[in-house]
Amino acid sequence: MTVRRMSLPDVRRLLDWAAVEGWNPGLDDAEAFYESDPDGFFLKEVDGTPVAAISVINHTADFAFLGLYIATPQARGKGHGLDVWAAGIAHAGRRTIGLDGVPAQQANYARSGFKLAGKTVRYHGRLDRSAASSVRLAAAQDLDRLCHLDTRACGVSRNRFATRWFSNTQTRMTLSLPEDRGFATYRTCHEGIKIGPFYASSAPEAAALLAAVPQNMATESVYIDIPDTAAPLSALLIERGFTPVFETARMYRPLLPQLPRPAFYATATLELG
């Protein structure tokens with residue numbers, strides 16, 4: 001039995017596991033996830049067969065995010081998850097660690113020292129496309145500005161992840177408003193599309209970004225993960241017929257101080273924060 005670091009092909013297979021579990025990852029997630037911290041993905045094998053995995057991405061010298069904690073159905077209840085958990089926690093070192101976990105697992109995470117900070121709610125619906133002239137597809141020259149805005153919105157500098165995430169692919173596109181007024185990343189997933197991260201400085205800017213869904217994604221179901229600190233964005237989506245379908249608990253070890261958060265903000269991914 002061994003716990004080892006994962007390769008990029010391993011991460012692709014891990015995201016296939018996540019898709020089977022109904023986590024609905026994006027089609028192009030693997031490369032952006034892996035490049036965020038290539039040393040932060042851990043896999044346990046038994047006689048050469050993968051049985052459990054976890055990611056702990058060291059975004060900065062002070063902050064890491066835990067996700068993709070999963071065991072194969074036949075391997076559950078045998079302690080394999082605890083082995084990759086220990087490897088991931090050790091990788092974070094003395095950093096503060098964040099995670100988004102299902103509420104049923106709060107007690108387990110609390111036993112490892114994690115404290116509840118709030119919740120994230122996934123909304124589902126459809127968007128009517130009516131692109132505003134002020135919204136355009138982000139380009140390479142926008143990356144520094146987008147990374148700066150992302151740091152300001154989420155409270156953590158995660159430039160390795162953000163630089164790759166905001167670089168457009170055939171299935172992932174970032175839209176931008178002028179200056180610092182907002183941006184949104186749309187990505188095709190196994191089911192429908194997800195929006196995240198999403199940031200807007202006001203309700204009109206948020207509405208413009210939501211209406212500018214890329215044309216090749218305009219007929220798809222839409223999912224967006226919104227922290228409970230962004231109630232105005234939740235209200236805007238509910239007005240458009242979106243409904244809550246899933247909830248996670250945002251937890252930290254140790255608990256971070258409460259900081260002001262944008263009113264119109266959505267999480268990039270539940271796996272990387």
Side-chain angles (χ1 to χ4, degrees), residues 7-9 11-12 15 25-41 55 57-61 63-65 67 127 129-190 192-202 204-220 222-225 233 262 264-273:
S7 65
L8 177 57
V11 174
R12 292 194 182 105
L15 290 174
L27 301 184
D28 275 343
D29 285 359
E31 288 77 7
F33 281 14
Y34 186 72
E35 290 184 15
S36 300
D37 182 1
D39 292 331
F41 296 83
S55 64
I57 304 305
N58 291 342
H59 283 302
T60 71
F63 184 77
F65 203 87
L127 291 171
R129 186 175 189 273
S130 57
S133 59
S134 57
V135 180
R136 61 176 177 80
L137 187 67
Q141 61 266 29
D142 298 310
L143 287 177
D144 287 345
R145 180 177 61 84
L146 290 171
C147 287
H148 171 74
L149 272 180
D150 180 67
T151 298
R152 195 169 77 184
C154 76
V156 174
S157 175
R158 50 183 184 181
N159 287 354
R160 286 178 302 178
F161 165 69
T163 298
R164 184 60 187 259
W165 201 249
F166 296 145
S167 298
N168 297 318
T169 71
Q170 289 186 336
T171 68
R172 189 179 61 244
M173 301 178 185
T174 296
L175 306 178
S176 177
L177 286 163
E179 301 170 348
D180 291 345
R181 289 159 49 194
F183 65 89
T185 299
Y186 287 79
R187 79 191 201 276
T188 303
C189 297
H190 287 257
I193 63 173
K194 288 182 181 176
I195 307 174
F198 180 101
Y199 164 73
S201 58
S202 70
E205 274 75 19
L209 287 166
L210 291 172
V213 55
Q215 188 167 7
N216 63 327
M217 302 179 185
T219 62
E220 299 287 347
V222 177
Y223 299 89
I224 182 167
D225 299 319
L233 179 56
F264 298 94
Y265 174 73
T267 301
T269 81
L270 298 182
E271 294 78 22
L272 269 71

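Heavy atoms only: backbone and side chains are in, while hydrogens, waters and symmetry mates are out. What you are looking at is a predicted structure, and each value in this text was computed from that prediction instead of being measured.
- Remark: side-chain polar atoms of Arg158 are paired, donor with acceptor, to backbone N or O of Gly273 under 3.5 angstrom.
- Note on Asp29 versus Lys194: no salt bridge recorded, every NZ/NE/NH1/NH2 to OD/OE distance being 4.0 Å or above.
- Here the side chains of Leu137 and Leu175 are in contact, with some heavy-atom distance below 4.5 Å.
- One finds the CD1 atom of Ile195 at 10.0 Å from the CE atom of Met217 (value rounded to the nearest 0.5 Å).
- With hydrogens and angles left out, the side-chain atoms of Asp142 and Ser176 include no donor and acceptor closer than 3.5 Å.
- The aromatic rings of His59 and Phe63 lie parallel to each other, their planes meeting at an angle below 30°, with 60° marking the opposite boundary.
- Across every non-hydrogen atom of Tyr186 and Leu209, the tightest pair is OH-O, 2.7 Å.
- Across all non-hydrogen atoms, the minimal contact from Leu177 to Ser134 is CD2-OG, 3.5 Å.
- Partners of Tyr223 by ring pair (Phe, Tyr, Trp, His ring centres under 6.0 Å), not counting sequence neighbours, listed by chain and number: His124.
- Looking only at distances, a side-chain donor or acceptor of Arg129 sits under 3.5 Å from a matching main-chain atom of Val213.
- Remark: the backbone N or O of Ala138 is paired with a side-chain donor or acceptor of Asn168 at under 3.5 angstrom.
- Proximity of a side-chain donor or acceptor of Asp225 to a complementary backbone N or O of Ala266 within less than 3.5 Å is not detected.
- Summarising the geometry, atom OH belonging to Tyr34 is positioned 6.0 Å from atom OG belonging to Ser7; distances are rounded to the nearest 0.5 Å.
- In this structure, the side chains of Leu210 and Phe198 come closer than 4.5 Å at one or more pairs of heavy atoms.
- Nearest heavy atoms, Arg187 versus Thr269: NH2-CG2, 4.0 Å.
- The line from CG of Leu149 to OG of Ser201 is 9.0 Å long, rounded to the nearest 0.5 Å.
- Minimum interatomic distance between Asn159 and Cys147 (heavy atoms only, all atoms of both residues): OD1-CB, 3.5 Å.
- Within 6.0 Å of the CG atom in Asp144, the count of heavy atoms belonging to other residues, nucleotides or ligands does not exceed 12.
- Partners of Thr219 under the side chain to side chain contact (heavy atoms under 4.5 Å, CB included) rule, at least two apart in sequence or in another chain, do not exist in this structure.
- By the ring pair (Phe, Tyr, Trp, His ring centres under 6.0 Å) test, Phe161 pairs with Trp165, sequence neighbours left out.
- Residues passing the side chain to side chain contact (heavy atoms under 4.5 Å, CB included) test with Arg160, sequence neighbours excluded: Asp37.
- Annotation: ring pair (Phe, Tyr, Trp, His ring centres under 6.0 Å) contacts of Phe166 (sequence neighbours excluded): Phe183.
- Under the side chain to side chain contact (heavy atoms under 4.5 Å, CB included) criterion, Ala211 pairs with Ser130, sequence neighbours left out.
- With Arg164 contributing its side chain and Glu35 its backbone, the two residues share no donor-acceptor pair below 3.5 Å.
- Of all heavy-atom pairs spanning Pro197 and Asp150, the tightest one is CG-OD1, 3.8 Å.
- A donor-acceptor contact shorter than 3.5 Å is absent between the side chain of Thr267 and the backbone of Leu270.
- Contact of the Arg152 side chain with the Asp180 side chain is registered, since non-hydrogen atoms from C-beta on lie closer than 4.5 Å.
- The minimum heavy-atom distance linking Ile224 with Leu233 is given by the pair CD1-CD2, 4.5 Å.
- Side-chain contact between Glu31 and Thr169 is absent, with no heavy atoms from C-beta onward closer than 4.5 Å.
- By the 4.0 Å N-to-carboxylate-O rule, Arg145 lies too far from Glu179 to be salt-bridged with it.
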